[in-house]
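Notes follow the structure.
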Amino acid sequence: MYLTTLPFYREFCVRELSNRAGSDLSILSGPSQIGGSVRTAVSRSLYSPLGVRFLGKAAMVHSGGWLKAFRAQSVIVDLNPRCVTAWGILALRRLVGRRTLVWGHLHPRSGPDSPTAALRRRMRSLASGTILYGYDSVLPAKRDLPHQSVWVAPNSLYEAESLGRALNSPVRNSVVYVGRLVSEKKVELLIRAFALADKTGLRLVIAGTGDQKQALQQLSVELGCASQVDFLGAVTDKNDLVDLYSRAVCAVSPGYAGLSLTQSLGFGVPVLVADDEPHAPEIELERFGGVTRFREDSAEALARAIQVECGDPIADLAGSELAHLVKSYYSAESMAAGLHNALLNIPAELDAQGWPARVK
């Protein structure tokens with residue numbers, strides 16, 4: 001595997017994949033994505049580091065491991081048009097007839113009609129197969145390239161045994177946001193909505209880091225709700241997250257939704273999601289329930305959604321059933337199995353809609 005980044009949330013997937021593949025697997029990774037907000041942070045024993053040179057905000061070129069990537073029986077590279085090295089590996093291995101797979105989102109967040117979507121299709125056309133983050137992307141991928149093999153490595157965070165309804169606390173009195181504090185996540189909207197909502201006995205808990213943290217803290221002061229808003233910084237330990245979600249009535253994704261859906265629903269906590277945003281493929285989890293939409297960019301609409309959710313919280317039994325579905329299909333084991341099967345060229349067992357047959 002020749003990758004641009006392995007963030008901390010890939011730890012359990014990479015460990016499981018390494019256990020499955022053993023010494024046959026080599027993982028090489030660069031230090032970060034363009035911009036640096038997503039950085040490699042899995043255990044150093046799990047991968048070999050690559051050098052990188054960023055060409056402004058447009059592209060990146062990696063150094064190291066080229067010969068190993070060229071010689072390998074099968075290689076996985078990122079489905080990322082900004083990675084010049086991935087293009088080179090795809091082109092060279094195609095010339096000599098060696099098997100190369102691309103892994104990532106089928107389309108950019110701006111959608112299938114964006115300029116870079118055509119570049120992703122071109123990368124896929126050079127590859128021997130595609131590994132996707134979500135099941136709903138399977139049919140569009142097959143329509144684009146009908147004869148190409150497709151696998152799903154559902155974008156997951158934790159091993160199955162860690163997931164389940166978080167029941168440690170007898171009191172649920174918080175609204176939770178877990179994620180980066182950057183503009184596209186629209187955490188400012190959440191703070192404004194919380195300031196408008198009936199906050200009696202309620203707290204807003206924000207876990208994450210980013211360049212907007214100081215401005216968001218100042219906003220909570222200006223809106224008069226700072227005493228009820230907790231900024232925890234980064235929370236990555238699963239036991240700390242269990243504790244956080246055990247006290248949550250709901251979680252909120254005020255901007256585009258991604259892995260936060262998998263995380264919240266995996267702990268049996270419902271999520272409020274903006275209606276019209278360029279959501280990541282994880283939005284497909286909506287079919288399991290536990291997701292409530294609100295009008296995008298409207299603090300008033302989000303405030304109403306918070307009040308409704310807090311006035312009628314999900315029952316523990318319903319939360320446990322919700323967590324069980326995520327545990328069954330979006331665990332680190334499921335993600336590792338998709339990657340391992342792709343490397344071994346084992347056909348994916350999916351139904352006519354692109355989902356595992358047992359998912360309804």
Side-chain angles (χ1 to χ4, degrees), residues 9-13 15-17 19-20 132-138 151-172 174-176 178-179 207 235-253 257-273 279-293 309-310 312-341 348-351 353-360:
Y9 49 77
R10 291 284 178 255
E11 178 86 16
F12 297 109
C13 171
R15 285 191 181 279
E16 175 66 19
L17 180 59
N19 289 337
R20 288 170 179 255
L132 299 167
Y133 281 129
Y135 298 105
D136 281 349
S137 299
V138 170
W151 290 266
V152 179
N155 208 4
S156 306
L157 288 159
Y158 306 111
E159 67 268 60
E161 68 177 12
S162 297
L163 299 174
R165 177 66 161 166
L167 297 172
N168 290 356
S169 174
V171 178
R172 290 184 180 270
S174 61
V175 174
V176 171
V178 180
V235 180
T236 59
D237 181 84
K238 62 183 179 182
N239 294 320
D240 292 338
L241 285 164
V242 167
D243 182 61
L244 185 154
Y245 281 106
S246 73
R247 290 177 276 115
V249 179
C250 66
V252 181
S253 183
L259 270 171
S260 61
L261 274 172
T262 308
Q263 181 167 274
S264 302
L265 299 178
F267 289 118
V269 174
V271 189
L272 306 180
V273 173
H279 297 304
E282 291 84 2
I283 195 64
E284 67 191 23
L285 284 160
E286 190 172 20
R287 69 170 57 203
F288 292 159
V291 175
T292 299
R293 298 273 188 147
E309 197 67 49
C310 293
D312 185 21
I314 189 171
D316 283 339
L317 179 59
S320 296
E321 292 173 348
L322 182 61
H324 177 73
L325 285 169
V326 179
K327 178 177 180 177
S328 298
Y329 307 114
Y330 288 83
S331 66
E333 291 91 338
S334 297
M335 191 175 198
L339 292 167
H340 194 220
N341 289 342
E349 296 182 3
L350 305 174
D351 66 15
Q353 283 72 50
W355 283 71
R358 62 189 182 278
V359 177
K360 303 299 182 184

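The figures that follow rest on heavy atoms only: side chains count, while hydrogens, waters and symmetry mates do not.
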Could you tell me the separation between the CG atom of Asn239 and the CG atom of Leu244, rounded to the nearest 0.5 Å? 12.5 Å

Val176 and Val252, any side-chain heavy atoms less than 4.5 Å apart: no

Spacing of CD belonging to Glu282 relative to OH belonging to Tyr133, to within rounding of 0.5 Å: 8.5 Å

Does Ser334 reach the side chain of Pro154, with side-chain heavy atoms less than 4.5 Å apart? yes

Contacts of Tyr158 meeting side-chain hydrogen bond (donor to acceptor under 3.5 Å, both in side chains) (sequence neighbours excluded), chain-then-number -> Gln263

Heavy-atom neighbours of His340 NE2 exceed 12 at 6.0 Å: yes

Partner set under salt bridge (Lys or Arg N to Asp or Glu O under 4.0 Å) for Glu309, not counting sequence neighbours: none

Euclidean distance, Leu265 CG relative to Arg165 CZ, rounded to 0.5 Å: 11.0 Å

With a 4.0 Å cut-off on N to O distance, would you call Arg15 and Glu159 a salt bridge? no

With Thr262, which residues qualify under side-chain hydrogen bond (donor to acceptor under 3.5 Å, both in side chains), at least two apart? none

Looking at Leu261, Leu285, Leu272, which one forms a side-chain contact (heavy atoms from CB on, under 4.5 Å) with Val291? Leu261

Looking at every heavy atom in both Phe267 and Ser162, which two are closest together, and how far apart are they? CE2-O, 3.6 Å

Quick check: do Met335 and Leu157 have side-chain heavy atoms less than 4.5 Å from each other? no

